[in-house]
Structure formats: structure tokens, C-alpha cells
Amino acid sequence: MDIRVTLDGQPVEATLNDSPAARDLASLLPLTLDLEDFHGTERVADPPRELTTDGAPEPAAAKVGDIAYYAPWGNLAFFYKDGPSASSDLLILGHIDADADQLSGAERITIEAAS
């Protein structure tokens with residue numbers, strides 16, 4: 001599922017997978033979220049509500065550019081470094097085609113449905 005993502009006013013290519021959680025995120029669009037750094041690995045933000053975790057895909061370790069949902073805290077994560085080992089609590093929702101430097105310094109993200 002194609003989406004439009006803007007990081008600090010700069011458009012970047014991005015897609016969501018077809019998981020129930022990614023479709024749930026898509027139902028909230030458009031979203032503009034302020035980002036904070038977490039663990040020197042990812043930028044995080046809180047969506048307006050928790051996403052479904054029904055039918056979650058097999059756990060996978062996050063890679064640079066991955067869009068993920070951390071279920072225990074209900075936050076979105078945008079990885080600018082490879083994440084830790086796979087965890088059933090971290091659902092990969094899609095991918096942003098931005099380099100690590102752009103992701104690591106991003107302060108605001110806007111996610112919209114592709115037209």
C-alpha cells in the first residue's frame with residue numbers, strides 16, 4: 001500500500017505492508033506527528049490510538065527505514081539504525097525510502113494516503 005510521507009517538509013517514498021496493523025494505521029491517515037529519539041536507533045511518535053495487533057506477522061528484526069509499531073507502548077517507530085533482535089511486540093508495518101541521516105534527525109513526520 002503506497003503512502004505519501006514527508007519528513008520535516010521533504011517528501012520521501014514509503015509503503016505499508018498488508019498486515020492488519022498497517023491497514024489500521026492507514027485508516028488514521030492523514031497524520032502529522034512530532035518525533036523523538038529513542039535509544040539512538042529510532043524516532044518514535046504516538047498515534048492517536050492503539051493499533052490492532054490481530055493477525056500480526058511473524059516477528060522480524062527492524063532494519064533501517066522500517067516503520068514499526070511497538071504494541072506494549074502503543075507507539076510508532078521509524079528506524080534509522082537496525083533494531084534489536086526480532087520480537088513479537090514489534091510489528092513491522094512498512095518501509096520509508098530515506099537515508100539514515102535524514103531519518104535520525106527528523107523532528108516531524110506527515111503520513112498521507114497516496115492519491
Side-chain angles (χ1 to χ4, degrees):
M1 164 179 359
D2 288 335
I3 53 175
R4 286 195 318 247
V5 170
T6 306
L7 291 171
D8 294 331
Q10 299 294 323
V12 293
E13 297 289 319
T15 57
L16 292 177
N17 61 34
D18 195 35
S19 68
R23 288 193 304 271
D24 197 18
L25 175 62
S27 75
L28 297 174
L29 302 181
L31 285 176
T32 297
L33 304 167
D34 291 325
L35 299 170
E36 297 178 15
D37 194 69
F38 183 75
H39 253 230
T41 304
E42 61 201 84
R43 303 296 284 174
V44 297
D46 294 319
R49 64 167 171 77
E50 291 185 357
L51 302 179
T52 184
T53 57
D54 294 340
E58 286 297 313
K63 302 288 185 210
V64 172
D66 280 349
I67 303 167
Y69 178 67
Y70 187 63
W73 295 346
N75 68 348
L76 295 173
F78 305 90
F79 283 82
Y80 60 86
K81 289 185 180 173
D82 289 348
S85 59
S87 164
S88 61
D89 290 333
L90 187 71
L91 287 64
I92 306 299
L93 305 179
H95 192 81
I96 296 175
D97 295 326
D99 65 41
D101 287 340
Q102 186 177 12
L103 282 167
S104 69
E107 301 207 0
R108 178 168 276 202
I109 188 169
T110 299
I111 309 170
E112 301 171 286
S115 46

Which pair of heavy atoms, one from I92 and one from P57, lies closest together, and at what distance? O-CG, 4.4 Å

What distance separates N17 CG from H95 NE2, expressed to the nearest 0.5 Å? 12.0 Å

Would you say E36 has more than 12 foreign heavy atoms packed within less than 6.0 Å of its CD? no

Let me confirm one number: the OG-CD distance from S104 to E42, rounded to the nearest 0.5 Å. 12.5 Å

So, for L51 and D24, which heavy atoms are closest and what is the spacing to 0.1 Å? CA-OD2, 3.2 Å

Taking all non-hydrogen atoms of both residues into account, name the closest pair between L103 and G65 and its distance. CD1-CA, 3.8 Å

Taking the side chain as every heavy atom from C-beta outward, state whether W73 and F38 have any atom pair closer than 4.5 Å. yes

Determine whether L16 and L35 fall in the same hydrophobic cluster, where Ile, Leu, Val, Met, Phe, Trp and Tyr are linked whenever their side-chain heavy atoms lie under 4.5 Å apart. yes

Could you tell me which non-hydrogen atom of L33 sits nearest to which non-hydrogen atom of P47, and how far apart they are? CD2-CA, 4.5 Å

Rounded to the nearest 0.5 Å, how far does CG of D2 lie from OG1 of T15? 6.5 Å

Non-hydrogen atoms of G55 and P20 that approach each other most closely: O-CD, 3.6 Å

Can you tell me how far CD1 of I3 sits from CD1 of I67, rounded to the nearest 0.5 angstrom? 4.5 Å

To the closest 0.5 Å, what do you measure between CG (L91) and CG (D66)? 12.0 Å

Mind checking whether L93 and S19 have side chains closer than 4.5 Å, heavy atoms only? yes

Quick check: do R23 and M1 have side-chain heavy atoms less than 4.5 Å from each other? yes

Can you tell me how far the OH atom of Y69 sits from the CG atom of L25, to the nearest 0.5 Å? 10.0 Å

Student check: side-chain heavy atoms of P48 and L28 closer than 4.5 Å: yes

Are V12 and D97 packed together at the side-chain level, in the sense that at least one heavy-atom pair is separated by less than 4.5 angstrom? no

Are L31 and Y70 co-members of a hydrophobic cluster defined by side-chain heavy atoms under 4.5 Å apart? no

Does some side-chain heavy atom of V64 sit less than 4.5 Å from a side-chain heavy atom of F79? no

When R108 is tested against each of D34, D8, T6, T32 for side chain to side chain donor-acceptor pair (under 3.5 Å), which residue passes? D34

Could you pull out the closest heavy-atom pair between R43 and E107, with the gap in Å? NH2-CA, 4.1 Å

